[in-house]
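Below: the structure, in structure tokens.
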Amino acid sequence: MRRRGGVGDSGGDIVRAEGKLGVAQHGRAGRWWLPWLRTLLLAPLLTYVSFPFLIRLFPSLLNKFVYLNFLSFPLFVDFRRPELLVNNTINLYLTTEPGVTVGIWHTVPSSRGAEAQGKDQRWYEEALADAHPVIIYLHGNGGTRAARHRVQFLKTMGAADFHILALDYRGYGDSTGYPSENGFNTDVLALYDWVKARSGNSSILFWGHSLGTGIATNAARKLQEERGVQIGAVVLESPYTNIRDAAANIPITKIFRQFPGFGYLILDSMARAGMFFPSDENVKVLSCPLLILHADDDGVVPPKLGHQLYETALQAYRDKSKVKLITFPQKLGLGHDYISFHPELPALVKDFLNMK
């Protein structure tokens, strides 16, 4: 009896043990998602921690993040047919150095729009000498010369009787080559030479937007220091002081600003990648008319950088009347990209340049 009882008791223990084992197995089966959750939580953290170190080890990675030339918006554009987007415009290509060809749109003044119908590139080139001022337009990062706000710039300033030549730097749009600060300088100066050879006594201006403001001041300084040539004027739309300051203030770097070593790992790496765009140093050298445009609601490049650049230039220029800052109130909603949509922009520019 006892043996049977003992066996019975043992059997009861086995049943209870099996019951506990079943509960444990069921619990583990019910938590199958825990490893996945840990992975999902750890992956962003590891990316966040490792990114600054990767930038320091491979500073050339910054080229992609700064230039954004791989963002070729808008899509499906036929660059050879700009007339589909803007009137009185022709497409052309310019070889700026062996192996590098850049795409350019040339918009003629609206007052010559009727004449321009059906004309070829030769006519457009000859039109550059018609005494209307010529803008070499230097766009910001990302996208191409066909971006909406850039097309609007061509329309706005073309209607104000300017010639505009808008190029896609090397590596952008349908241009060949790879982007670099030195390469951009080469592209812009080659275009300047091409325009100068055809424009007679017409005034030539550099107009830079965002990233292009650093390119504009670079090119203007090179002309002045290396050739003794003063550009007709420089217009800087939504500018920064230098690329290091810009990177320290743009929204995309906000999550890294509290990271230990942010300056050393990321900001200092920009110089190691060959990126400087030192407008604050360039304007100390320039003597041409300098107009700075900035919207108070610019959410990309803080207006304070435009104000700092203006103050630097104002202190450096002997003739203070050659430097001007125009700000656009927040209520206009112009932000970073849409100053060219302001209907009074041409009048403001002409007034500064003493043009009728």
Side-chain angles (χ1 to χ4, degrees), residues 133 135-141 149-150 152-153 156-157 160 162 164 203-221 223-224 230-251 276-355:
I135 295 174
I136 293 179
Y137 179 66
L138 310 172
H139 67 63
N141 63 351
H149 59 288
R150 295 162 190 164
Q152 182 61 42
F153 178 84
T156 298
M157 301 311 292
F162 287 85
I164 310 101
S203 177
I204 302 175
L205 296 72
F206 287 149
W207 187 306
H209 171 241
S210 193
L211 178 68
T213 61
I215 299 171
T217 63
N218 274 349
R221 180 176 179 175
L223 281 177
Q224 186 168 306
Q230 181 175 291
I231 192 75
V234 173
V235 181
L236 305 178
E237 177 187 352
S238 308
Y240 48 91
T241 47
N242 57 70
I243 201 66
R244 193 182 194 278
D245 287 349
N249 286 277
I250 59 175
F276 301 93
F277 300 98
S279 287
D280 51 352
E281 294 300 321
N282 292 339
V283 297
K284 294 176 182 177
V285 177
L286 300 182
S287 54
C288 63
L290 176 67
L291 176 61
I292 296 175
L293 310 170
H294 220 134
D296 291 339
D297 61 334
D298 190 330
V300 179
V301 178
K304 68 178 182 180
L305 296 185
H307 285 264
Q308 289 173 14
L309 186 61
Y310 167 71
E311 292 297 336
T312 299
L314 193 63
Q315 291 178 15
Y317 269 63
R318 291 183 178 179
D319 185 350
K320 309 299 183 185
S321 67
K322 285 188 173 184
V323 185
K324 187 173 184 178
L325 169 66
I326 298 176
T327 60
F328 299 86
Q330 183 174 353
K331 65 181 181 180
L332 296 175
L334 300 178
H336 184 66
D337 289 332
Y338 301 110
I339 289 177
S340 59
F341 284 75
H342 195 289
E344 296 180 16
L345 179 63
L348 294 171
V349 174
K350 287 185 174 183
D351 179 66
F352 173 70
L353 298 174
N354 295 318
M355 295 168 50

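We count residues from 1, following the sequence as given. For the numbers below, each heavy atom of this structure counts, side chains included, while hydrogens, waters and symmetry mates do not.
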Inset, instruction - Kindly indicate whether the side chain of F328, heavy atoms from C-beta on, has any atom under 4.5 Å from the side chain of E344. - result: no
Legend entry - Non-hydrogen side-chain atoms of H209 and I339 separated by less than 4.5 Å: no
Inset, instruction - State, with a plain yes or no, whether a side-chain heavy atom of I215 is found less than 4.5 Å away from one of F277. - result: yes
Legend entry - Side-chain touch L223/F206, heavy atoms, less than 4.5 angstrom: yes
Legend entry - From V235, L314, L309, L236, residue fulfilling side-chain contact (heavy atoms from CB on, under 4.5 Å) relative to L290: L236
Legend entry - Heavy atoms from other residues, nucleotides or ligands near NZ of K331 exceed 12 (cutoff 6.0 Å): no
Legend entry - Contact summary for L353 and P289, nearest pair of heavy atoms: CD2-CB, 4.5 Å
Legend entry - Under 3.5 Å: donor-acceptor pair, side chain of H294, backbone of L305: no
Inset, instruction - Kindly give the heavy-atom pair with the smallest separation between T156 and P346, and that separation in Å. - result: CG2-CG, 3.6 Å
Legend entry - Close side-chain approach of L286 and K322, heavy atoms under 4.5 Å: no
Legend entry - For S210, side-chain hydrogen bond (donor to acceptor under 3.5 Å, both in side chains) partners two or more places apart: H336
Legend entry - Closest non-hydrogen atom pair, I135 against M157: CD1-CE, 4.1 Å
Inset, instruction - Count the heavy atoms of every other residue, nucleotide or ligand shown that sit under 6.0 Å from CD of Q330, and state whether that count exceeds 12. - result: no
Legend entry - Check: L293 and L345 side chains under 4.5 Å, non-hydrogen atoms: yes
Legend entry - Heavy-atom closest contact (N218 atom, P278 atom, distance): OD1-CD, 3.5 Å
Legend entry - side-chain hydrogen bond (donor to acceptor under 3.5 Å, both in side chains) against D280, all qualifying residues, sequence neighbours excluded: N242
Legend entry - Minimal non-hydrogen separation, E237 against D337, with atom names: OE2-O, 4.4 Å
Inset, instruction - State, yes or no, whether a side-chain contact exists between Y317 and C288 at a heavy-atom distance under 4.5 Å. - result: yes
Inset, instruction - Drop me the distance from E311's CD to H307's NE2, to the nearest 0.5 angstrom. - result: 9.0 Å
Legend entry - Heavy-atom pair of closest approach, residues Q224 and V285: NE2-O, 2.6 Å
Inset, instruction - Any chance you could measure T241, atom OG1, to K304, atom NZ, to the nearest 0.5 Å? - result: 9.5 Å
Legend entry - Trace of the side chain to side chain contact (heavy atoms under 4.5 Å, CB included) decision for W207 with V349: CA-CA 11 Å; W207 187 306; V349 174; 3.7 Å; yes
Inset, instruction - Please round to the nearest 0.5 Å and tell me the distance separating atom OG1 of T213 and atom CG of L138. - result: 9.5 Å
Legend entry - Y240 and its side-chain contact (heavy atoms from CB on, under 4.5 Å) partner, picked from L211, V300, I250: L211
Legend entry - pair L205-I231: side-chain heavy atoms closer than 4.5 Å: no
